[in-house]
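Note sheet for the following structure.
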Amino acid sequence: GDNKLYALAIGPGLTYYVGASKMRTEYKGAAYPYFGGFFTYGSLSDEDDKIADIIQFGGKAGVLYMLSESVGADFGAKFQRDSWKGNGADESVSGMTIQFGIGISAFIY
């Protein structure tokens, strides 16, 4: 249809990479297990009005395999708790999301 939805969320996240060290001189080919947590707050709206406030928090874990000195292939899982409260509604809707993914991570240092 012609209906458009817009979502914007922002929040902090913290990830710890096991075995990462400033003393290391060669990163390419290394594998780093990792775990972390995050919290986001945002809103969902359509063309006419705000629809819902969104709160998300959870954790993630996986392995990062370094393809070069600053780019790695990321294999992980994310566990997320969602809470949505509609505009003008007294009730909120909440649930749990589990995601598995493969991606690319790049580091600037």
Side-chain angles (χ1 to χ4, degrees):
D2 293 332
N3 194 10
K4 295 179 182 176
L5 294 175
Y6 306 95
L8 176 64
I10 189 167
L14 182 63
T15 303
Y16 179 76
Y17 294 88
V18 178
S21 170
K22 290 182 180 182
M23 302 300 289
R24 183 176 218 129
T25 58
E26 181 69 28
Y27 292 99
K28 185 177 180 180
Y32 298 102
Y34 68 85
F35 59 91
F38 62 91
F39 174 84
T40 59
Y41 175 79
S43 66
L44 180 70
S45 61
D46 64 11
E47 297 169 329
D48 301 321
D49 199 7
K50 183 175 170 184
I51 295 174
D53 292 322
I54 306 165
I55 296 175
Q56 301 169 321
F57 62 91
K60 59 183 181 173
V63 175
L64 181 71
Y65 178 77
M66 296 303 292
L67 302 171
S68 73
E69 298 300 309
S70 60
V71 177
D74 189 339
F75 308 91
K78 180 178 176 182
F79 308 93
Q80 178 174 305
R81 178 80 172 153
D82 299 294
S83 178
W84 297 53
K85 183 169 183 176
N87 189 19
D90 292 332
E91 282 188 44
S92 64
V93 176
S94 61
M96 176 70 101
T97 303
I98 300 173
Q99 301 172 349
F100 299 95
I102 298 171
I104 297 291
S105 294
F107 299 90
I108 301 171
Y109 53 94

Are the side chains of Phe35 and Val18 in contact, using a 4.5 Å heavy-atom criterion? yes
Restricting to non-hydrogen atoms, name the atom on Tyr34 and the atom on Val63 that form the minimum distance, rounded to 0.1 Å. CE2-N, 3.5 Å
Check whether any side-chain heavy atom of Met66 lies under 4.5 Å from a side-chain heavy atom of Lys28, and answer yes or no. no
Group every Ile, Leu, Val, Met, Phe, Trp and Tyr by side-chain heavy-atom contacts under 4.5 Å, then state whether Phe107 and Val71 land in the same group. no
Establish whether Phe79 and Phe100 are linked, either directly or via other cluster members, by ILVMFWY side-chain heavy-atom contacts under 4.5 Å. yes
Do other residues, nucleotides or ligands put more than 12 heavy atoms under 6.0 Å from the CD1 atom of Ile104? yes
When every non-hydrogen atom of Leu64 is compared with those of Gly72, the smallest separation belongs to CD1-C, 3.8 Å
Partner of Tyr41 by side chain to side chain contact (heavy atoms under 4.5 Å, CB included), out of Ile54, Leu8, Asp53: Asp53
Using 0.5 Å steps for rounding, measure from the CE atom of Met96 to the CD atom of Gln80. 9.5 Å
Any chance you could measure Leu44, atom CG, to Lys85, atom NZ, to the nearest 0.5 Å? 16.0 Å
If you measure from CZ on Phe57 to CG on Asp82, what distance do you get to the nearest 0.5 Å? 9.0 Å
Would you say Trp84 and Leu5 are hydrophobically clustered, going by side-chain heavy atoms of ILVMFWY under 4.5 Å? yes
Rounded to the nearest 0.5 angstrom, the OG-OH distance for Ser105 and Tyr17 is 5.0 Å
Separation between OH of Tyr65 and CD1 of Ile102, rounded to the nearest 0.5 Å: 15.0 Å
